[in-house]
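Only one structure is covered here, and it is reproduced in the block below.
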Amino acid sequence: MSDGSKKDSLKSLVSAALGQSAQAPASPQETPEPTSQPASEPLGDAEALIAIYFDLEEPEERDEVFDQLTSHRVPMVDNFFAEMASHDDDAYVRAAATAELFKRGHEEYLPAIESDLVDPQELFFFATALHSLAEVRGAQLYPDLVQMLTDPNRDPEHQQDIMLAMEAVTPEQSVRHFTALLSGWKSTDQIDDVFVEHASLAFARQNHAPGHQMLQQVMKVVENSGLEPLDKEELTELLEEAMSVAEPDSTT
């Protein structure tokens with residue numbers, strides 16, 4: 001961080017996360033002291049990561065350290081994320097820390113998660129909240145995801161993350177649902193380009209042959225339509241690409 005006062009303020013959060021009141025965090029060059037902790041709780045590694053976090057200037061570097069810290073399931077790291085969720089100046093960092101804490105079982109962060117689902121500032125906040133909720137709730141969330149997918153008032157940009165969450169929590173049920181939605185397309189004005197793209201990827205990941213077959217049926221709708229040649233060509237190219245992606249693997 002280039003702002004010195006902000007760095008000093010954030011470094012004080014390191015002390016809080018480490019449970020220290022006055023000792024400064026170790027510099028990036030210092031080697032952390034060996035610990036006697038078991039391999040499942042690598043406190044030394046976590047402490048070193050926390051210590052260097054605020055000395056990094058590039059956001060990409062801090063993101064990498066943040067991601068590495070998510071693999072450490074120890075109270076020290078929970079405290080660090082709690083400080084970030086409450087005090088960091090960056091709204092993106094606060095959202096990521098909040099989501100991580102919720103995934104770790106801290107239910108007190110659920111209202112913040114729900115707020116970003118209902119009224120997100122932008123796509124990042126919606127996606128971060130949604131995927132954390134999907135990870136925690138699992139298949140229990142599926143009915144809500146189905147409702148979100150069909151909500152006419154939902155931002156179209158949310159569609160991809162909703163479909164990904166559906167596939168994550170119930171893979172087989174989700175691709176069957178996507179196939180059923182495709183089967184309802186009887187005219188070209190019902191064809192949703194974005195849905196076709198993401199459904200075809202889901203069909204490929206789940207090797208879902210009925211989805212590929214339904215894309216073929218949608219292609220027939222286009223072929224039999226009275227669209228202008230250019231419009232028909234664009235839809236044909238879209239569906240050909242989708243069918244190529246979704247073609248089932250005969251070896252499995």
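All values below come from the heavy atoms of this structure, side chains included, with hydrogens, waters and symmetry mates left out. Just so you know, residue 1 is the first one in the sequence shown, and it goes up from there.
- Within the structure, ring-ring contact (aromatic ring centres under 6.0 Å, His included) pairs that include any residue of residues 194-229 comprise Phe178-Phe195, Trp185-Phe195, Phe203-His208 (at least two apart or interchain).
- Under the side chain to side chain donor-acceptor pair (under 3.5 Å) criterion, Glu64 pairs with Gln68, not counting sequence neighbours.
- Every residue meeting the side chain to side chain donor-acceptor pair (under 3.5 Å) condition with Arg104, not counting sequence neighbours, appears here in chain and number order: Asp78, Glu100.
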For residues 228-235, which side-chain donor-acceptor pairs fall under 3.5 Å, sequence neighbours excluded?
from, atom 1, to, atom 2, distance (Å)
Lys232, NZ, Glu223, O, 3.3
Lys232, NZ, Ser225, O, 3.1

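- The hydrophobic cluster containing Val245 also includes Leu201, under a criterion of side-chain heavy atoms closer than 4.5 Å among ILVMFWY residues, counted directly or through chains of members.
- For Asp151, there are no side chain to side chain donor-acceptor pair (under 3.5 Å) partners, not counting sequence neighbours.
- Listed by first then second residue, pairs satisfying salt bridge (Lys or Arg N to Asp or Glu O under 4.0 Å) with a partner in residues 109-122 number zero, not counting sequence neighbours.
- Legend: residues meeting side chain to side chain contact (heavy atoms under 4.5 Å, CB included) with Glu61, ordered by chain and number and at least two apart, are Leu56, Glu58.
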For residues 126-148, which side-chain donor-acceptor pairs fall under 3.5 Å, sequence neighbours excluded?
from, atom 1, to, atom 2, distance (Å)
Thr128, OG1, Phe124, O, 2.8
His131, NE2, Asp161, OD1, 2.8
Ser132, OG, Thr128, O, 3.3
Ser132, OG, Ala129, O, 2.7
Arg137, NH1, Glu107, OE2, 3.3
Arg137, NH2, Glu107, OE1, 3.4
Tyr142, OH, Gln173, O, 3.4

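- By the side chain to side chain contact (heavy atoms under 4.5 Å, CB included) test, Ser187 pairs with Asp189, Gln190, sequence neighbours left out.
- Every side chain to side chain donor-acceptor pair (under 3.5 Å) that Glu167 has, sequence neighbours left out, goes to Arg205, Gln206.
- Under the 4.5 angstrom side-chain criterion for Ile, Leu, Val, Met, Phe, Trp and Tyr, Val221 has no cluster partners at all.
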